[in-house]
2 protein chains.
Amino acid sequence: MPKIVDHEKRKEHIAEAVWRLVRREGIEGASVRRVAEEAGLTLGALRHYFDAQNDLLAYAMRLLIRRVGARIDGLALTGQARADMELIIAQLAPLDQERLAEAEVWLAFAGKAVSDPAIRALSQEAHEALYDGFKRMIAALSERGLARPGIDTELEARLLHALVDGLVVHYTTYAEHLDPAGLMRIVSSHLDGLFRAD
Amino acid sequence: MPKIVDHEKRKEHIAEAVWRLVRREGIEGASVRRVAEEAGLTLGALRHYFDAQNDLLAYAMRLLIRRVGARIDGLALTGQARADMELIIAQLAPLDQERLAEAEVWLAFAGKAVSDPAIRALSQEAHEALYDGFKRMIAALSERGLARPGIDTELEARLLHALVDGLVVHYTTYAEHLDPAGLMRIVSSHLDGLFRAD
DNA sequence: CTTATTATAATACGATTGTATTATTAAAAA
DNA sequence: TTTTTAATAATACAATCGTATTATAATAAG
């Protein structure tokens, strides 16, 4: 066998080149040739890692989902429900350059999901995982008696999920005009209504 | 001069061809040749209406914004704040096939806005108009004493705006698995918290 | 009726696209 | 060391891309 460098590491390096191109020139700018150039490979070398452009784009999106998921899983949670919820939500929001980059790439893929079945399936997969996460968090609140009595768990989960994703869209598209801190203030304000009044 | 048919009507007809292509094959599928074919024109005829592809795409997005705006402006409002708010929000949501089509095209353009400055500017323009609308609605509630006391108008406007757009994204990307009626139930549930408790 | 203008059509240009093929290099396995 | 296999490179192909040019048809204005 050849090189010592891990095969998967190379694929991730290529996927990151896809991200940069998608941010700068849109998804249609992520042609196989441009990606190869951006990653410092020749066309043939790129083809060795990805048989088709579809695979390349799907992998780039999957890696994005995995990266965000890993950051959430690696979080040092406090055990305090309210703080932990905000901590998790903050990982999804474009609060710094790294997360803004992620959000931009995500938004570009979300747009392509309209017409591309493979991307759409990935999009839905991530959607469901996120919804389940929110649902579990809110159910946990109710079970521990922390939530405002009488709330509908699934409805509140969908509401919070939509609010977070909507804020991500707004603060990504409108990043030049909005203060990132405002995003978490809005989230916090909504969570106020979710918790039992003291 | 030639044909009796209005010049602007033709451009709208072409823009609608762009919408259909964007839905079916994504924005990169809206090449000038495909658009011409979809609209029943030759390449030269299309070029007579739009000098460049940029103009074509920008016009298609502008028309989309105008169509939604016109539908809202043409609404027969009841004068009842709560009902009118839901009526307006319903015009933005993918509740039927026509509005689902609009939402899909909007989402595709939102994705392109990441890398295309012209589309991004249009996106921001529509964003601001919508935000202002929500802000005025909520300010009107407060002035009429209908809103829950002590609310922050701008924060509540951003929150509602993000919630609505987030729901549009979710119910568009996830249309096969979600009941459109659920969207308005979630909106309604949020509005409950905005109005003064009786 | 002639002229000017708008609309449509046909064709061409260079560039870029995704994919495929073939050959060469290098590292691991036998 | 020989063999096998992963990796890279170079080149080619047909298709499509955005844009430009030129010519023709049709309608309105003079």
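Scope of the values below: all heavy atoms of this structure, side chains included, with no hydrogens, waters or symmetry mates. We name chains A, B, ... by the order of the sequence lines, and we start the count at 1 in each one.
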Could you tell me how far apart A:Gln53 (CD) and C:dA20 (P) are, to the nearest whole angstrom? 13 Å
Starting at the 5' end of DNA chain C and moving along, which residue's nearest nucleotide shows up first, A:Arg34 or A:Asp51? A:Arg34
On DNA chain D, does the nearest nucleotide to A:Gly44 precede the nearest nucleotide to A:Arg33 from the 5' side, or the other way round? Give the residue. A:Gly44
B:His48, nearest nucleotide to its side chain (from C:dA7, D:dA20, D:dA7): C:dA7
Just checking B:Ser31: base, sugar-phosphate only, or nothing, at a heavy-atom cut-off of under 4.0 Å? sugar-phosphate
Would you indicate whether the side-chain heavy atoms of B:His190 and B:Leu159 approach each other to under 4.5 Å? yes
For the pair made of CG in B:Leu43 and C1' in C:dA7, what is the distance, rounded to whole Å? 14 Å
May I ask you to check whether over 12 heavy atoms, not counting those of B:Glu86, lie within 6.0 Å of atom CD? yes
Check the distance between C:dT17's P and A:Leu46's CG and give it to me in whole angstrom. 13 Å
I want to verify a distance call: between D:dA20, C:dT8, D:dT8, whose nearest atom is closest to the A:Arg10 side chain? D:dT8
Rounding to an integer number of Å, can you tell me how far B:Ile27 CD1 sits from D:dG18 P? 13 Å
In sequence, state the C-alpha distance, the side-chain angles, and the governing distance for B:Glu125 and B:Arg120, and then conclude on salt bridge (Lys or Arg N to Asp or Glu O under 4.0 Å). CA-CA 9 Å; B:Glu125 194 181 306; B:Arg120 187 185 186 89; over 6 Å; no
Between B:Arg47 and D:dA20, does any side-chain N or O lie under 4.0 Å from OP1 or OP2? yes
Spacing of B:Arg47 atom CZ and B:Gln53 atom CD [to the nearest 0.5 Å]: 11.0 Å
Starting at CD of B:Glu25 and ending at P of D:dA15, how long is that distance when rounded to a whole Å? 18 Å
Value in whole Å for how far the P atom of D:dA15 lies from CD of B:Glu37: 16 Å
Give a yes/no answer on whether the side chain of B:Tyr49 brings an N or O atom under 4.0 Å of OP1 or OP2 in C:dT8. yes
Residue pairs meeting side chain to side chain donor-acceptor pair (under 3.5 Å), one or both in residues 127-154 of chain B, sequence neighbours left out, come to A:Tyr174-B:Glu128
What is the separation between atom CD on A:Glu28 and atom C1' on D:dT16, rounded to the nearest whole Å? 15 Å
Measure the distance from CG on A:Leu21 to C1' on C:dT17 and round it to the nearest whole Å. 15 Å
Between D:dA9, C:dA9, D:dT19, which nucleotide gets closest to the side-chain atoms of A:Ala45? D:dA9
